[in-house]
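Here is the structure we will look at.
Keep in mind that what you see is a predicted model, and the values were worked out from it rather than measured. Only this structure's heavy atoms are used, side chains among them; waters, hydrogens and symmetry mates stay out.
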Amino acid sequence: SVTGVQTCALPICFRIEPKKGGQARKRRPPRAVAGNLRGLMNKPVCIRAAKGQYVVVEKNRKVVNANRRKCGSWETFIIRKDSIYNTAWKTYLSCQPNGRLEGNRKRVGSWEKIKVIPQKGGTFAFRCMAHGKKYLVAEGAGGRNMNANRPKVGSWERFRIEPKRR
């Protein structure tokens, strides 16, 4: 039997590992992003909406959109235990009672507590822990503004988290 050999057939790679009884079995390795949030915590990341645009905190630090083609400094975040921090403005994302998402808080309070929840296909949902525990949404699946007003997760509420490239 072969131990620890990786084979790839685009777009999927498998690792062949021995099974009890000597027969080899195929096992899909964990995806770099899916379920491996721990590897992305407390490090610079970029967040992408369903249509591929990056989430950004605009210059006024109040408006949060998902409409950028590239991940620059304004689009760089650090996901902490219970919050999302924008590195450019040194502010936290904040869920407002009216369902808006803002990016202008200097400290984490109850409105800034956001839970990251793994979803299917290597995506994540973000749930506000205040104001009815609504989910973040990129309106139109991206290309528009972000809100914090969805009661359940659909395609517009799923995001990809990517390590920030230098």
Testing the basics here: between [X] and [Y], what is the closest heavy-atom pair and its distance to 0.1 Å?
| X | Y | answer |
| --- | --- | --- |
| Arg127 | Tyr135 | NH1-OH, 3.5 Å |
| Arg61 | Asn104 | O-CB, 2.8 Å |
| Leu136 | Cys128 | CD2-SG, 3.6 Å |
| Ile84 | Phe126 | CD1-CD2, 3.6 Å |
| Lys106 | Tyr92 | O-CE1, 3.6 Å |
| Gly103 | Leu93 | CA-CD2, 4.1 Å |

Hey, are [X] and [Y] close enough for a salt bridge, meaning a charged N less than 4.0 Å from a carboxylate O?
| X | Y | result |
| --- | --- | --- |
| Arg68 | Glu58 | yes |
| Glu102 | Arg100 | yes |
| Glu162 | Arg48 | yes |

Flag, side chain of [X] to backbone of [Y], donor-acceptor distance under 3.5 Å:
| X | Y | value |
| --- | --- | --- |
| Thr87 | Thr76 | yes |
| Asn147 | Asn149 | no |
| Lys164 | Cys71 | yes |
| Lys115 | Lys81 | no |
| His131 | Gly99 | no |
| Arg158 | Ala125 | no |

For a quick check under 3.5 Å, do Glu112 and Ser83 share a side-chain donor-acceptor pair by atom type?
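Judged by distance alone, the side chains do not pair up.
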Should Ile78 and Lys43 be marked as a side chain to side chain contact (heavy atoms under 4.5 Å, CB included) after you check the CA-CA gap, both sets of side-chain angles, and the distance that decides it?
CA-CA 5 Å; Ile78 293 176; Lys43 296 178 182 172; over 6 Å; no
What do you reckon, are the aromatic ring centroids of Phe159 and Phe124 less than 6.0 Å apart?
no
To the nearest 0.5 Å, what is the distance between CD (Glu139) and CG (Asn65)?
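CG of Asn65 is found 10.5 Å from CD of Glu139.
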Working to the nearest 0.5 angstrom, can you tell me the gap between Asn42 CG and Ile79 CD1?
9.5 Å
Take the angle between the ring planes of Trp74 and Trp89 and call it parallel below 30°, perpendicular above 60°, tilted in between.
tilted
Could you walk me through whether Ser155 and Glu157 satisfy the side chain to side chain donor-acceptor pair (under 3.5 Å) test, starting with their C-alpha distance in whole Å, then the side-chain angles of each, then the deciding distance to 0.1 Å, before giving a yes or no?
CA-CA 5 Å; Ser155 61; Glu157 294 78 28; 6.0 Å; no
